[in-house]
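Single-structure report; data block below.
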Amino acid sequence: MWEHDPQPTDKLEFKHHNYKAMRRLMKSVNDECPDITRIYSIGKSYLGLNMYVMEISDNPGQHELGEPEFRYVAGMHGNEVVGRELMLNLMQYLCKEYKKGNDRIVRLVTETRIHLLPSMNPDGYETAYKLGSELSGWAYGRWTYQGFDLNHNFADLNTPFWEAEDNNEVPDKFPNHFIPIPEYYTLPNATVAPETRAVIDWMQRIPFVLSANLHGGELVVTYPFDMTRSYWMAKELTPTADDSMFRWLSIVYATSHRVMADDNRRICHTENFMKSGNIINGADWHTVAGSMNDFSYMHTNCFEVTIELSCDKFPHEQELPTEWLNNKESLLLYMEQVHRGIKGVVRDKDTEKGIAEAIIVVNELNHDIRTAADGDYWRLLNPGEYEVTAKAEGYHPSTKSCRVSYENHATICDFYISKTAKQRLREMLANGKKLPKELMLRLRQLRTRQFRSNGPK
């Protein structure tokens, strides 16, 4: 370690943690901060290791109306270990600083529900851990025990979406969001890792808004799409409808990372990402079909980028304090971006109850989102004026103008929408209620008019 490298003052446990040590550390954090932490498992690896998540919130275990959900996922490739250790450091740090009354951390914890998954591929990590930093190599432990590369194992939703776009079917005949998983992918004999299935189920259960997928071996932040639109191309610029938002999210992390922000640093290998500000469209680097980033964007409301944290995939233990110092501010600043854009609740105008699965449309952005079970929603947007429409089956749509400021808090944009006459009639008939005399007379007149129009000329 270079003598001039600054060392962190945070009293954290800087070491490599195997499965047992990771579980022990997470338990110690939960014991120290039981009021703001909860440990849960989203499933098991092929070898039966739990995929533990640390939840950090002022009300752990429950979704709070209007509070966004954030996640970090590390260890998708088992031999890329920096993300795993950073997640363990981060949960310790948030716990300790919350107890100290650090204003920034208290605000983050009370206004955000945070989920940290240190190891998506625990079997692969154990394989790499046994060999250690010197011997694990560039690929040993990367894959799952079954040989899956988890970043190529999610359903390809890009291809059907682009085919529908080419046929002018989006969004009237084919959705531009919440794209369904193809049937072949759900079959029992589909080549889908149990780790992937667990993460997909997790994504579907919790209304995540923002995420990052932590990798290692480079210093760059990549954003969707990860797959090239021209399937024969090894790399090709392939932006999403939210390209400017993804670029902002990537820039936030890259410009606050101590090493990425240093223009005088050496490049990791052969590519110089400094020329593009240490960010790149994933497909413009190399195409990845079935990536978690693309799946998250197209199947859920959640925006996700990939962060390549360091040149070394498995650094020496002595380097871990420096890695924490390099990434600490970036990790915090990126989480805070979950509060950028608009948020609100879509309610029934008569009952004032939240409407689940209502669609939020932002004018001129070909990517909608949906409300959560309680009717609340969050839409990441850069500063500006937007025309936003809320619509739901059986309701009249409602449109309003919503302004996003440069302040780092979401603009409240609530909607109250009314049921259509047809929906009201349908509900009355379903409940066995008698129709008002005026309505029965009106229906009789409509039937008579229809009968006459269909009669012989």
Salt-bridge present ([X], [Y]; N to O < 4.0 Å):
X: E336; Y: R107; result: no
X: K313; Y: E80; result: yes
X: R205; Y: D201; result: yes
X: R379; Y: D242; result: yes

Is it the case that the side chains of [Y] and [X] hold a donor-acceptor pair, with the cut-off being a distance below 3.5 Å and no angle test?
X: T159; Y: D156; answer: yes
X: Y231; Y: W162; answer: no
X: N18; Y: H16; answer: no
X: H269; Y: E218; answer: no
X: S45; Y: D123; answer: yes
X: W378; Y: E69; answer: no
X: H77; Y: N121; answer: no
X: R71; Y: S296; answer: yes
X: Y40; Y: H115; answer: yes
X: T238; Y: T228; answer: no
X: S256; Y: E329; answer: no
X: W324; Y: E85; answer: no
X: H367; Y: T240; answer: no
X: S401; Y: E385; answer: yes

Is it the case that the ring center of Y297 lies less than 6.0 angstrom away from the ring center of F246?
yes
Please confirm whether the ring centroid of F70 lies under 6.0 Å from the ring centroid of Y72.
yes
Distance in Å, [X] [atom1] paired with [Y] [atom2], rounded so as to fall on 0.5 Å steps:
X: T191; Y: H152; atom1: OG1; atom2: NE2; result: 13.5 Å
X: L90; Y: I56; atom1: CG; atom2: CD1; result: 6.0 Å
X: L219; Y: N272; atom1: CG; atom2: CG; result: 11.5 Å
X: L47; Y: Q146; atom1: CG; atom2: CD; result: 8.5 Å
X: L88; Y: L116; atom1: CG; atom2: CG; result: 9.0 Å
X: T399; Y: E387; atom1: OG1; atom2: CD; result: 6.0 Å

Sub-4.5 Å side-chain heavy-atom contact between [X] and [Y]:
X: R340; Y: H409; answer: no
X: V73; Y: M87; answer: no
X: Y93; Y: I105; answer: yes
X: I355; Y: Y395; answer: yes
X: I360; Y: V346; answer: yes

Can you confirm whether more than 12 heavy atoms, excluding those of [X], are under 6.0 Å from its [atom1] atom?
X: Y184; atom1: OH; answer: yes
X: R104; atom1: CZ; answer: yes
X: K353; atom1: NZ; answer: no
X: E393; atom1: CD; answer: no
X: Y46; atom1: OH; answer: no
X: Y145; atom1: OH; answer: no

Do the side chain of [X] and the main chain of [Y] share a donor and acceptor less than 3.5 angstrom apart?
X: N153; Y: D149; answer: no
X: E236; Y: S230; answer: yes
X: T371; Y: Y377; answer: no
X: K343; Y: G66; answer: yes
X: N167; Y: E163; answer: yes
X: E67; Y: H63; answer: no
X: S418; Y: H396; answer: no
X: R229; Y: L237; answer: no
X: T127; Y: G141; answer: no
X: D348; Y: D350; answer: yes

Minimum heavy-atom separation for [X] and [Y], please, with both atom names.
X: I279; Y: A254; result: CG2-CB, 3.9 Å
X: A193; Y: F148; result: CB-CD1, 3.5 Å
X: S405; Y: T411; result: N-OG1, 4.2 Å
X: Y185; Y: V192; result: OH-CG1, 3.4 Å
X: N293; Y: E304; result: OD1-OE2, 2.7 Å
X: L65; Y: R347; result: CD2-NH2, 4.1 Å

Which residue pairs pass the salt bridge (Lys or Arg N to Asp or Glu O under 4.0 Å) test with at least one member in residues 170-185, sequence neighbours excluded?
none
Return each pair, listed once, that meets salt bridge (Lys or Arg N to Asp or Glu O under 4.0 Å) where at least one residue sits in residues 363-374; pairs must be two or more places apart or across chains.
E357-R370
Give the C-alpha distance, both sets of side-chain angles, the deciding distance and a yes or no for side-chain hydrogen bond (donor to acceptor under 3.5 Å, both in side chains) between H257 and N327.
CA-CA 6 Å; H257 186 283; N327 288 278; 3.1 Å; yes
Can you say whether the rings of F314 and Y125 are parallel (under 30°), tilted (30 to 60°) or perpendicular (over 60°)?
parallel
Check against side-chain hydrogen bond (donor to acceptor under 3.5 Å, both in side chains), T37 and N30:
CA-CA 6 Å; T37 63; N30 182 232; 2.9 Å; yes
Dump the intermediate steps for side-chain hydrogen bond (donor to acceptor under 3.5 Å, both in side chains) on H299 and Q204, then the final yes or no.
CA-CA 9 Å; H299 185 65; Q204 292 173 335; 3.0 Å; yes
Trace of the salt bridge (charged side-chain N to carboxylate O under 4.0 Å, His left out) decision for E64 with R113
CA-CA 8 Å; E64 296 180 68; R113 191 178 179 206; over 6 Å; no
